[in-house]
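Since we're looking at a predicted model, the values are computed, not measured. By convention here, the first residue in the shown sequence is residue 1.
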Amino acid sequence: DATNCASGESVARTGAEVSGKNAVLPALGQAAIRLRGKLGESLSSIQKFDKPFEGTSSSLEALKSYTMATKAYQGGHSADGIALFQRAIELDPNFAFAYASLSTVYFNLRQAENSAEYGRKAFELRDHATERERFYILDKYYANVTGDLDKLIQSDKLWTFAYPRSEEHRVGK
């Protein structure tokens, strides 16, 4: 439902019914495309900027675990965050961004071996990630796994160019 912020009136609406949890994310993506069309976006623009859902996991449960892991880790509960990131990976073994996030957690905990292990796995699965997530994965791979500073700088410059308002590529993220 797209709502006019000033009046609170509905501008456009679309929906979808699904047969189970695994169908929610694809249906959400299709509903978003229909809503964009109803709001006046041209078909060529929709096709040009059509991106998969930003979660890049086909498992709703894996996304839920990932979200809980992020909140736990950011709340200072590293052990809980690690367990929940690992649970997200168990639920979706191709969840590249969860591997990259776990690599970051281990790096911040000064566990270089674990960080490298999960960073390598994220890099192997990077084709299962969105473009934005791939930049993050490359950043962690070159910084935490290979130590290739030239490739890190090159990748981060491209990331900054593609997503100039993104905070993830700033130092310390």
- Task: Step by step, work out the side-chain contact (heavy atoms from CB on, under 4.5 Å) result for Thr14 and Lys38.
- Result: CA-CA 9 Å; Thr14 189; Lys38 287 181 177 184; 4.0 Å; yes

- Message: Applying side-chain contact (heavy atoms from CB on, under 4.5 Å) to Leu63 and Phe95, what does each step give before you reach the verdict?
- Response: CA-CA 9 Å; Leu63 285 171; Phe95 198 170; 3.8 Å; yes

- Task: Take Tyr142 and Gln154, measure what side chain to side chain donor-acceptor pair (under 3.5 Å) needs, and give me the verdict at the end.
- Result: CA-CA 10 Å; Tyr142 295 132; Gln154 179 184 13; over 6 Å; no

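With a 4.5 Å cut-off on side-chain heavy atoms, Asp156 and Trp159 count as touching. Taking 4.5 Å as the limit, every side-chain heavy atom of Lys140 sits out of range of all side-chain heavy atoms of Val145.
Closest heavy-atom contact between Ile89 and Tyr99: CG2-OH, 3.0 Å.
Put simply, CD on Glu133 and CG on Leu125 are 12.0 Å apart, with the number rounded to the nearest 0.5 Å.
Its side chain within the 4.5 Å cluster rule, Val11 clusters with Leu35, Leu39 among the Ile, Leu, Val, Met, Phe, Trp and Tyr residues.
For Ser115 and Ser103, the side-chain atoms include at least one donor-acceptor pair closer than 3.5 Å. No hydrogens or angles considered: a donor-acceptor pair under 3.5 Å links the side chains of Tyr136 and Thr104.
Checking side-chain atoms of Ser57 against main-chain N and O of Ser59 turns up a donor-acceptor pair under 3.5 Å.
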Please list every donor-acceptor pair under 3.5 Å in which a side-chain atom of residues 68-78 meets a protein atom from a residue at least two apart or in another chain.
{"residue": "Thr70", "atom": "OG1", "partner": "Tyr66", "partner atom": "O", "Å": "3.1"}
{"residue": "Tyr73", "atom": "OH", "partner": "Asn108", "partner atom": "ND2", "Å": "3.2"}

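With a 6.0 Å cutoff to the six-membered ring centre and a 45° limit on the axis angle, Arg126 counts as a cation-pi contact of Phe123. Taking the ring axis of Phe161 as reference, the NZ or CZ atom of Lys157 does not stay both within 45° of it and closer than 6.0 Å to the ring centre.
The list of side-chain hydrogen bond (donor to acceptor under 3.5 Å, both in side chains) pairs with a residue in residues 116-125, not counting sequence neighbours, reads Gln86-Tyr118.
When the side chains of ILVMFWY residues are joined at heavy-atom separations under 4.5 Å, either directly or via intervening members, Ile153 and Ile137 end up in two distinct hydrophobic clusters. Phe107 and Tyr141 fall into different hydrophobic clusters, where Ile, Leu, Val, Met, Phe, Trp and Tyr residues are linked whenever their side-chain heavy atoms come under 4.5 Å apart, directly or through other members. Residues Phe135 and Leu102 share a single hydrophobic cluster, defined by chaining ILVMFWY side chains whose heavy atoms lie under 4.5 Å apart. Hydrophobic cluster membership differs between Phe97 and Leu138, with clusters built from Ile, Leu, Val, Met, Phe, Trp and Tyr side chains linked at under 4.5 angstrom.
Salt bridge status for Glu90 with Arg87: present, with a side-chain N to carboxylate O gap under 4.0 Å.
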